[in-house]
Amino acid sequence: MQERRKLPRKDLMSYSQVFDLYKGSLIGYLGDLTLIGAMVISDTPLKVDLKLTISIQLPELPDIRVTRLALPVRIVRCQQDLSPEYYNIGMEFELVNNEQKKIIEAVLENYEFRRQPPNYPPRPSELE
């Protein structure tokens with residue numbers, strides 16, 4: 001399958017709840033995030049091309065008092081997860097204003113899961 005992602009995914013250390021804003025129902029949990037979209041882990045599939053407005057429950061952020069972020073999205077992908085009871089739902093943001101962009105950047109800066117190798121001391125054999 002061809003990779004069509006424009007920005008690299010940013011896995012998060014915070015699984016924020018994602019709701020359908022107008023129905024008030026829980027869609028799932030934020031799995032990863034970029035400035036142009038998100039992947040939500042859900043126990044219910046959604047139809048591709050469905051448009052809705054989501055509300056993302058935000059984790060604590062320095063200097064930001066907003067607790068939720070509402071964004072119009074289009075479902076671009078819905079695939080069964082490795083755990084068959086869950087679905088990975090790809091959402092493309094249809095409109096992101098400058099204030100929302102700053103909030104998304106703050107979430108990425110503060111909660112991105114960084115895969116860095118541990119800084120172990122060198123082995124005695126490596127010192128020679």
Side-chain angles (χ1 to χ4, degrees):
M1 187 162 143
Q2 183 182 0
E3 181 65 37
R4 294 179 286 178
R5 192 169 287 106
K6 295 178 180 116
L7 294 173
R9 291 181 183 199
K10 303 290 185 178
D11 294 328
L12 303 177
M13 292 186 293
S14 168
Y15 284 101
S16 299
Q17 292 180 319
V18 179
F19 294 88
D20 180 322
L21 182 65
Y22 297 114
K23 289 184 181 176
S25 58
L26 178 67
I27 295 171
Y29 295 86
L30 197 60
D32 63 48
L33 182 67
T34 70
L35 290 172
I36 60 173
M39 191 268 294
V40 174
I41 301 164
S42 177
D43 57 7
T44 306
L46 293 178
K47 291 188 180 199
V48 171
D49 288 327
L50 174 69
K51 292 184 179 191
L52 59 133
T53 300
I54 62 168
S55 174
I56 301 171
Q57 179 78 38
L58 296 172
E60 265 189 46
L61 297 166
D63 303 322
I64 295 179
R65 294 180 186 245
V66 178
T67 59
R68 292 186 180 267
L69 184 62
L71 295 161
V73 300
R74 180 177 69 91
I75 306 303
V76 294
R77 181 174 58 87
C78 183
Q79 296 176 324
Q80 204 162 24
D81 188 71
L82 291 175
S83 299
E85 65 270 19
Y86 297 107
Y87 297 88
N88 295 327
I89 301 173
M91 299 180 175
E92 179 181 63
F93 301 147
E94 296 211 302
L95 178 66
V96 180
N97 65 35
N98 287 334
E99 191 60 35
Q100 291 167 324
K101 182 180 175 185
K102 288 178 189 174
I103 294 168
I104 293 169
E105 288 171 338
V107 170
L108 294 174
E109 178 65 30
N110 288 280
Y111 289 94
E112 178 185 356
F113 181 76
R114 293 174 178 84
R115 291 179 178 90
Q116 296 178 345
N119 189 14
Y120 294 128
R123 295 182 187 154
S125 62
E126 294 173 350
L127 294 174
E128 299 172 354

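Criterion: ILVMFWY side-chain heavy atoms under 4.5 Å apart, direct or through other members. Under it, Val73 and Val96 are part of a common hydrophobic cluster. In terms of hydrophobic clustering, with Ile, Leu, Val, Met, Phe, Trp and Tyr side chains grouped at heavy-atom distances under 4.5 Å, Val18 and Leu50 are assigned to a common cluster. Hydrophobic clustering of Ile, Leu, Val, Met, Phe, Trp and Tyr side chains at less than 4.5 Å, counting indirect connections, keeps Val76 apart from Val48.
Across all non-hydrogen atoms, the minimal contact from Leu35 to Phe93 is O-CD1, 3.6 Å. Minimum heavy-atom separation, Pro45 to Tyr87: CD-CE1, 3.5 Å. Leu33 approaches Leu108 most closely through the heavy-atom pair O-CD2, 3.5 Å. For Ala70 against Leu21, the heavy-atom pair with the smallest separation is CB-CD2, 4.0 Å. When all heavy atoms of Leu30 and Ala38 are compared, the closest pair comes out as CD1-CB, 3.6 Å. Contact detail for Cys78 and Leu46: the closest heavy-atom pair is CB-O, 3.3 Å.
Between Asn88 and Ile41, the closest side-chain pair of non-hydrogen atoms falls below 4.5 Å.
When the shell of 6.0 Å around OH of Tyr86 is examined, it contains 12 or fewer heavy atoms from other residues, nucleotides or ligands. Residue Asn98 places its CG atom among 12 or fewer non-hydrogen atoms of other residues, nucleotides or ligands, all under 6.0 Å distant.
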- Task: Given side chain to side chain contact (heavy atoms under 4.5 Å, CB included), test Ile27 with Met91 step by step and report yes or no.
- Result: CA-CA 12 Å; Ile27 295 171; Met91 299 180 175; 4.1 Å; yes
- Message: side chain to side chain contact (heavy atoms under 4.5 Å, CB included) for Glu92 and Ile36? Distances and angles first, verdict last.
- Response: CA-CA 6 Å; Glu92 179 181 63; Ile36 60 173; 5.7 Å; no
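Atom-to-atom distance recorded for Ile75:CD1 and Lys47:NZ is 12.5 Å, nearest 0.5 angstrom. In this structure, the separation between CD on Gln79 and CG on Asp81 is 10.0 Å, given to the nearest 0.5 Å. Rounding to the nearest 0.5 Å gives a distance of 8.5 Å between OG1 of Thr44 and CG of Leu26.
Within the 3.5 Å criterion, the main-chain N or O of Gly37 finds a donor-acceptor partner in the side chain of Thr34. Side-chain atoms of Ser83 never come within 3.5 Å of backbone atoms of Glu85 as a donor-acceptor pair (strictly under, hydrogens ignored).
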